[in-house]
Amino acid sequence: MDSETFNLPQYEIPEDLRHAVAVTTLDRLYNWGRRSSVWPLMFGLACCAIEMIAAQTARYDMARFGMEVMRPTPRQADLLIVSGTVTKKMLPPIVRLYNQMPEPKYVVAMGACASGGGPFKEGYNVVAGIDKFLPVDVYIPGCPPTPQALIAGLIKLQEKIDRQIIKEASWYKRKVKDPNYVPVPILGPDLIDPRRAADIKAAAAQEE
Amino acid sequence: MTTPAPASTATVDLATRFPGVVQLDARPDYTGFIVEKDSLLEVAAAIRDEFGFDLLSSVTGVDYAPDKMEVVYHAYRTSGGPGLAFKVQVPRIDPVEVPSLIHLWPGVDLQEREVWDLLGIKFSGHPDLRRILMWEGFEGHPLRKDWKEGFYEEDVKPFKSRWPQGKFAMAEDLNPFGDNLTFPKNFEPEKWIPEGEALLYGALARYTVENEDGISSDRIVINMGPHHPSTHGVFRAVMTLEGETIKGLKPVLGYLHRNHEKIGERNTFLQNMPYTDRLDYFNSMTNNFGYALAVEKLMKIPVAERADYIRVIVSELSRIQNHFVFIGTLLNDLGAMYTPSLYAYEERELVLDIFEAISGSRMMCNYYRFGGVVRDIPDDVMQKIKDLVYERIPPKTDELDRMLSENEVLLARMRGIRMINAEDAVAYSITGPVLRAAGVPYDVRRADPYGIYDRFDFDVAVRYNGDLMDNYLIRIDEIRQSLRILDQAIRQIPQGPINSQKPAYQVRVPAGEAYGRIESPKGELGFYVLSNGKPNPWRYHVRAPSFVNVTALEKISVGTKIADFVVLLAMFDMVMGECDR
Amino acid sequence: MYGKGILKGLGVTWKRFWDTYTEDIAWVLRGKKRYYTEEGVRHRSSKDQKGIFTVQYPEEKLIQPEESRFLPFLVYNELPDGKREILCTSCGICPKVCPPQCIWIVRSNDPVTGRPIPEPTEFYIDMDLCMNCGYCAEYCPFDAIKMDHDFEVSSYGRNVYDMEKLLKSSEYYKSIRPLNYEREETARIAEAEAKKAKEAARAAAQAAKPANPPAAPTA
């Protein structure tokens with residue numbers, strides 16, 4: 001960590017103090033801490049998961065970004081990398097995992113499948129993009145994205161984290177109901193999203 | 001140039017052995033026999049015991065809408081040689097029912113459940129016929145030709161909306177539910193009571209038991225997965241425990257069921273090639289091989305000589321990197337977190353560099369075309385392959401061997417913990433390294449050579465204890481044998497064209513059926529492709545080794561400690577993409 | 001026994017650890033830079049790699065082979081007057097061959113003559129469907145659609161690319177795939193020459209023809 005990344009441009013620091021003093025805002029310091037220790041959930045779905053594992057290994061080494069601690073439990077994770085095709089059968093566990101993650105939490109849709117359904121979109125058991133259920137922060141196209149592309153996406157996520165402001169952060173606000181809570185979908189004759197139950201009923205009544 | 005092998009039906013005359021109930025399948029370009037439904041069990045028993053076809057490799061169904069349905073069985077001899085296909089035809093009136101073969105070959109368990117789930121063919125006599133890839137309560141049987149999903153657009157690709165109409169629209173906007181959904185008419189979501197998993201837990205039998213002292217004790221039900229760091233993807237196992245001993249276990253699949261076969265029947269033959277990459281995503285090069293073989297058999301076209309060698313080279317490289325990764329993840333599962341797997345992935349990366357240079361993509365190579373391959377291996381990449389094969393991989397294999405094979409902790413965890421014996425392994429249709437570690441020298445490359453594997457001198461790696469240690473060591477043996485094959489292939493590879501056909505985006509595939517099978521690093525990978533002369537296959541089935549091998553998981557795990565279960569599971573080297581398809 | 005196997009294994013890890021530093025020293029002695037140079041990355045991806053294996057993306061990047069493919073893009077030629085000549089003729093092969101059917105081509109007719117314009121009016125690729133298989137580039141008869149090397153395309157929203165986002169210059173194409181470009185260019189020149197020769201021959205034949213039969217009425 002060099003003082004260059006912390007210093008705010010509007011504060012003039014005397015030449016002889018350049019290497020000893022940094023003037024910054026709380027937001028920057030706080031976000032720097034958060035962005036440098038994003039712990040992903042050890043959670044793989046499909047092909048992209050293999051590239052995610054590859055990104056963890058020696059050649060790409062996500063540890064350089066403070067992301068080497070992949071936690072298998074959602075309680076200790078900050079980041080959900082949805083790495084692969086989301087099937088209808090798998091969706092309830094994913095939503096449950098997301099709900100169990102503590103705030104602040106981020107979701108990265110890795111690869112075409114997680115972003116918008118991918119090559120398997122037309123399939124009867126495939127959810128056309130995880131963003132139908134979870135708020136996605138970064139979309140990484142590619143099938144699969146190479147480990148470098150994944151890291152590029154995670155850098156993009158870090159940029160997003162950099163821009164967040166403590167005062168407006170939702171996770172410090174007092175709230176009765178968790179705004180990020182997503183009701184767990186139900187497996188019926190097809191996937192039932194409880195938030196859309198009324199729509200489904202109306203559309204099913206109209207079917208010829 | 002290798003011409004495609006003749007239809008691989010063994011010279012057995014079932015029709016004269018069972019006059020009246022067995023007929024030769026006389027449809028042009030079909031092979032095998034059609035068996036009367038009522039005498040299926042009798043004929044199947046004879047096929048196994050009299051004719052010696054002890055390995056029932058694949059079970060699948062075909063929907064010949066609108067009049068009949070067919071169940072297709074492919075049986076092989078573990079001693080080698082061509083196989084035998086036999087079929088049962090039943091009218092397409094619900095309930096469609098066929099006798100189950102589970103008492104002859106317990107290995108058909110999951111495959112019959114899959115046929116029931118996707119095609120709605122009931123197997124009478126099957127003790128646990130639940131849905132397997134979809135969930136209980138799902139509406140319909142998706143692989144039936146008259147079943148349509150939410151994003152259904154047209155029966156076959158290419159879709160007209162893309163060209164010439166060119167009207168861009170998201171598929172979501174075309175569906176009445178605004179998503180990939182279909183519901184029965186007048187469905188009321190709030191009244192729906194989820195069936196839950198009562199059936200699944202019911203299949204595990206009793207929870208309260210009396211032990212020998214007459215004290216009743218409760219069994220614990222443990223769910224492992226679908227989110228678990230060592231189930232290798234989204235695999236789920238539900239087990240009952242007594243203390244730490246596993247007393248009952250059911251695998252739950254389908255968490256990555258992405259409708260490969262349904263999409264495959266809509267695709268053109270060529271369009272299926274990149275989809276096969278995503279089956280076993282570690283080994284796209286071998287997946288392509290199996291599919292290319294099946295379609296080439298249908299098309300009756302030869303493969304260019306140089307392409308044949310290239311196919312062997314890339315397949316064996318793929319096998320090497322797969323086994324490296326296997327060893328790495330196995331050690332992860334054993335608790336040796338990361339170091340061995342980091343080392344293993346280094347070699348994998350170097351192999352993937354080669355794949356990227358020749359095919360364009362690291363993992364999803366899409367490298368094969370019917371009649372050859374898409375691109376030649378340039379000289380500089382050939383040099384890189386030679387470097388790897390002669391200078392890099394052999395010392396690294398030795399290094400891995402040195403690092404792990406004598407490790408006392410590893411020995412204590414793995415030696416003497418039995419996986420499965422030879423007899424059971426064959427009955428459960430296990431193929432691949434697990435079968436060979438149990439002492440059955442069955443390798444499709446040798447037993448029923450495809451491509452040009454009959455030209456190479458190599459040993460089928462086999463070990464006889466059948467314990468976990470053997471299952472680990474056999475992978476190292478196989479890496480060494482693959483290196484032998486690679487050495488010969490690199491030295492013998494001729495110059496010449498890489499495809500016997502002209503590049504064409506539409507291929508003509510005559511009507512008929514073909515079953516192409518290869519020895520993938522996980523086991524026998526088969527593609528059952530059925531063409532009716534149109535640009536799209538009528539039926540496209542993948543006999544995935546990971547899927548069939550899981551059948552034996554229950555048999556293997558019951559009686560072992562739960563701590564060993566993770567290792568037992570790791571030994572199958574499952575890939576869920578292929579297992580659930 | 002008695003831990004010998006474990007020690008042997010630890011020896012392997014120790015050697016690997018040590019190799020990183022001996023290699024570093026060897027490079028320094030040879031007066032070469034091991035990190036942040038192309039040579040260094042190349043060496044770390046070769047059979048001779050020892051010790052450290054990491055390529056420190058984003059400071060250094062892996063060397064992408066020419067055939068490497070990621071997302072597709074459309075090629076245009078930059079004309080001298082600054083206009084773009086799009087090579088695509090909306091022939092419809094790529095949407096037909098595309099396995100996940102992620103390509104939409106919108107065509108339109110010339111308002112004056114009413115005949116269809118070869119150049120596409122709109123060209124959509126839903127990158128969240130695309131499976132990077134490379135068929136579109138492989139089967140395109142006009143070399144108009146190609147596979148990109150650029151993988152740093154992650155975004156904060158869905159990725160449906162329209163024509164503006166898909167178009168990239170042929171100069172760029174030349175820079176990422178020099179060998180392919182050269183091959184296609186020579187083929188194009190050869191074809192053009194063959195066509196010219198054919199036309200010249202036909203013109204010559206036509207010129208020779210009117211001599212014998214009753215000549216067309218000339219002024």
Just so I understand: if I count every heavy-atom pair under 4.5 Å between each of [options] and chain A, which residue has the most?
{"options": "Pro99(C), Cys98(C), Pro100(C)", "value": "Pro100(C)"}
{"options": "Arg158(C), Gln56(C), Glu152(C)", "value": "Arg158(C)"}
{"options": "Val153(C), Val160(C), Ile52(C), Asp126(C)", "value": "Val153(C)"}
{"options": "Leu71(C), Asn132(C), Asn159(C)", "value": "Asn132(C)"}

At a heavy-atom distance under 4.5 Å, which candidate from [options] has the highest pair count against chain C?
{"options": "Cys113(A), Ala149(A), Gly153(A), Gly117(A)", "answer": "Ala149(A)"}
{"options": "Pro141(A), Gly129(A), Ala128(A)", "answer": "Pro141(A)"}
{"options": "Val108(A), Asp61(A), Asp137(A)", "answer": "Asp137(A)"}

Region of [X] in contact with chain C, defined by heavy-atom distances below 4.5 Å:
{"X": "Arg59(A)", "value": "both"}
{"X": "Ile155(A)", "value": "side chain"}
{"X": "Phe65(A)", "value": "side chain"}
{"X": "Pro144(A)", "value": "backbone"}

Q) Salt bridge or not for Glu185(C) and Arg188(C), using N-O below 4.0 Å? A) yes
**Q.** Ion pair Glu60(C)/Arg44(C), N-O distance below 4.0 Å
**A.** yes
Q: Examine the side chains of Tyr181(C) and Asp143(C) and answer whether a donor and an acceptor come within less than 3.5 Å of each other.
A: no
Q.
I'd like to know if the side chain of Glu66(C) pairs up with that of Asn180(C) as donor and acceptor (distance under 3.5 Å, no hydrogens or angles considered).
A. yes
Q.
Within 45 degrees of the ring normal and closer than 6.0 Å to the centroid, is that where the cationic atom of Lys156(A) sits relative to Tyr156(C)?
A. yes
Q: Specify whether Phe70(C) and Phe151(C) have parallel, tilted or perpendicular ring planes, treating 30° as the upper limit for parallel and 60° as the lower limit for perpendicular.
A: perpendicular
Q: Describe, in one word, how the ring planes of Phe17(C) and Trp14(C) are oriented to each other, choosing from parallel (under 30°), tilted (30 to 60°) and perpendicular (over 60°).
A: tilted
Q) Roughly how far apart are Met52(A) CE and Ser83(A) OG, rounded to 0.5 Å? A) 4.0 Å
